[in-house]
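To start, the structure itself, in structure tokens.
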Amino acid sequence: VQLQASGGGSVQAGGSLRLSCAGSGRTGTTYSMGWFRQAPGNAREFVAAISWSGSNTYYGASALGRFTISRENAKNTVYLQMNSLKPEDTAVYFCAAAVYGPDLGSVPTITTRHFDYWGQGTQVTVSS
């Protein structure tokens with residue numbers, strides 16, 4: 001699976017951005033998708049994930065109530081709508097595909113080890 005993230009940029013606090021992640025390869029395989037982020041000096045942090053059907057979504061604490069993950073399987077694309085952005089949301093955002101692991105709904109905490117393929121990351125900068 002090849003993943004290409006886009007949509008990052010610079011925005012003022014309170015603003016919005018929508019990230020996109022286009023996937024290719026492994027046609028006919030269903031898999032969950034997710035977003036993580038990593039700020040300088042920090043570990044990669046789970047942001048949100050979505051099941052293949054889109055009926056199940058999962059959010060990290062920092063994303064709850066502000067971010068929304070969605071997907072369009074016909075376009076092999078997953079989105080992350082980010083609203084009410086804060087300076088602490090500044091990070092490189094990565095999309096990822098969970099192809100081989102368990103159903104994300106069955107794991108106690110979603111981490112990077114549940115994902116098998118990663119995009120290159122897109123920078124999000126939020127200024128105060």
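All values below come from the heavy atoms of this structure, side chains included, with hydrogens, waters and symmetry mates left out.
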Considering all heavy atoms, the nearest [X]-[Y] contact:
| X | Y | answer |
| --- | --- | --- |
| Ser16 | Asn83 | OG-OD1, 2.9 Å |
| Val107 | Pro102 | CG1-CG, 3.7 Å |
| Ala5 | Cys95 | CB-SG, 4.0 Å |
| Ala39 | Ala91 | N-CB, 3.8 Å |

Kindly assign one of parallel, tilted or perpendicular to the pair Phe94 and Trp118, based on the angle between their ring planes and the thresholds 30° and 60°.
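Correct class here is perpendicular.
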
Are [X] and [Y] joined in one hydrophobic group, where the rule is that I, L, V, M, F, W and Y side chains link up if heavy atoms are under 4.5 Å apart?
| X | Y | value |
| --- | --- | --- |
| Tyr117 | Leu19 | yes |
| Phe67 | Phe115 | no |
| Leu64 | Leu104 | no |
| Ile110 | Ile69 | no |
| Leu3 | Trp35 | yes |

In Å and rounded to the nearest 0.5 Å, what is the CG to OG distance from Leu80 to Ser20?
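One finds 9.5 Å between CG of Leu80 and OG of Ser20.
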
Enter the distance from Thr57:OG1 to Arg71:CZ here, rounded to the nearest 0.5 Å.
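Reported value, rounded in 0.5 Å steps: 12.0 Å.
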
Whether the side chain of [X] engages the backbone of [Y] through a donor-acceptor N/O pair (distance < 3.5 Å, no angle test) should be reported.
| X | Y | result |
| --- | --- | --- |
| Thr90 | Val126 | yes |
| Tyr31 | Val1 | no |
| Arg66 | Ser84 | yes |
| Asn73 | Trp52 | yes |
| Thr122 | Gly8 | yes |
| Asn76 | Ser24 | no |
| Asp89 | Lys86 | yes |
| Asn56 | Ser51 | no |

Side-chain donor-acceptor pair present, Tyr79, Glu72, cut-off under 3.5 Å:
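Result is yes, a qualifying pair exists.
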
Under a 3.5 Å threshold, yes or no: a donor from one side chain and an acceptor from the other, between Ser62 and Glu45?
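Result is yes, a qualifying pair exists.
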
Quiz item: cation-pi between Arg44 and Phe36, 6.0 Å / 45°:
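No, Arg44 and Phe36 do not form such a contact.
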
One pair to check against side-chain contact (heavy atoms from CB on, under 4.5 Å): Gln120 and Gln4. What are the steps and the verdict?
CA-CA 7 Å; Gln120 84 291 0; Gln4 181 72 40; 3.0 Å; yes

From CA spacing to verdict: side-chain contact (heavy atoms from CB on, under 4.5 Å), Val78, Ile50:
CA-CA 9 Å; Val78 63; Ile50 187 167; 3.9 Å; yes

Check whether any side-chain heavy atom of Gln81 sits under 4.5 Å from a side-chain heavy atom of Ser70, and report yes or no.
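Of all side-chain heavy-atom pairs linking Ser70 with Gln81, none is under 4.5 Å.
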
Test side-chain contact (heavy atoms from CB on, under 4.5 Å) on Tyr93 and Gln123; report intermediate values, then the result.
CA-CA 6 Å; Tyr93 283 69; Gln123 177 71 46; over 6 Å; no

Pair Tyr58, Phe46 - check side-chain contact (heavy atoms from CB on, under 4.5 Å), show working.
CA-CA 10 Å; Tyr58 314 92; Phe46 170 66; 4.1 Å; yes

